[in-house]
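Read the numbers this way: they start at 1 and go in the same order the structure lists the ligands and their atoms. Only heavy atoms go into these numbers, but all of them, side chains included; no hydrogens, no water, no symmetry mates.
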Amino acid sequence: MALKLASILGSFGNRSDRYMTGGYASDVSLEGLFDSVTRIPELSGVELVGTWQLTADSVAEVREHLARTGLQPVSVIPDLFATQTWGKGSFAAHDAGVRRAAVDYVNEMAVLARAIDCPCVCIWPGQDGYDYPFQADYAQAFDWFAEGIRACAEAAPDVRFALEYKPKEPRNRSFLSTADRSTLFVKAIGLPNVGVTLDVGHALEAYESAAESVALLQREGLLAHVHLNDNYRLWDDDMIFGSVHPVELLEFVYWLRRTSYDGWCSFDQYPYREDPVRAIGEGAKWFRALEAIVEASDDDELDQLLRRGDAAEATAVVRRLLLGGGGASVDAIGAVGGRVEGGA
Ligand SMILES: [Mn+2]
């Protein structure tokens, strides 16, 4: 079964950074954004960001475009990062008024999500973190953050809240930084409709094995949403999925399948200088290609591979899966594995 693929809608619009503040392209209308997504046949869903695409004023127009294109609303991402109110934090801001405003705003976004029949609110608390030593009371911030998310999740028990971790940027250090810490946060919140968004690029940047993070989050029943991209590991480059780390991403896709993940996988690429339809379309082809390799592989063989834990055999199997018959044959690998198996 192929996993459902979507994209963040704004990636098809103008893209800016702190140098090219006006953006590398031109602004695109909501209609144009939706039309771009329909040009990638692998995609069947979209994610909408508050302020930029989904507000009380735009909800009727969004509904029209969803109906017109047949695209599914996958998640709504409250804008907790691009509005000046949140410049020094949202759920974990020092200012109690800002913390209350974050809860109120996310409550409103849950209502808008319902209004477009979207089951998930993906919370990326990008401004909740710190930049300098002695700037944050870490224990207090943890409690503030958990209290705020708990209030939102209790107010909308029919909506799934997926917390997206990222080690840094825009803050030098984020509070919600890793899969492990996200697990701690979600367990402290203790509500069934709160889970985790695994952005594969954020996992790489956090020096995680994205596959291991899938395994951990699925073991805890917490994997609620997935974002797809790639990077060079030092920064959230948001590059074409598969372009830099095909071996690790093969393992990542394998573990999505092995743990029976059946949620959405949504592209969170940010093609600064590339044509978005081509760049995100290429990511979709990489995902489907890796998925096809996993589909065609022998489940028992890979089970046994993991059981044996033999490094050279593991790389030989990866080489064969990715590069085909030019590598070691299955039989040759089996001979190595067979010898080890006797002692296991
Ligand atoms: Mn993301």
Counting only protein atoms, how many N/O/S atoms are less than 2.8 Å away from the Mn ion (ligand 1)?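 Protein N, O or S neighbours of the Mn ion (ligand 1) under 2.8 Å, waters not counted, come to 4.
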Does atom OH (Y138) have a neighbourhood of more than 12 heavy atoms from anything else shown, all under 6.0 Å?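 Yes, the 6.0 Å shell around OH holds more than 12 heavy atoms from other groups.
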Count the heavy atoms of every other residue, nucleotide or ligand shown that sit under 6.0 Å from CZ of R39, and state whether that count exceeds 12. no
Can you tell me if N14 and D27 form a side-chain donor-acceptor pair at under 3.5 Å?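 Yes.
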Check: Y270 ring centroid to W235 ring centroid under 6.0 Å: no
So, for F185 and F142, is the gap between ring centers shorter than 6.0 Å?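 F185 vs F142: aromatic centres under 6.0 Å.
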Side chain to side chain, V247 and T315, heavy atoms closer than 4.5 Å: no
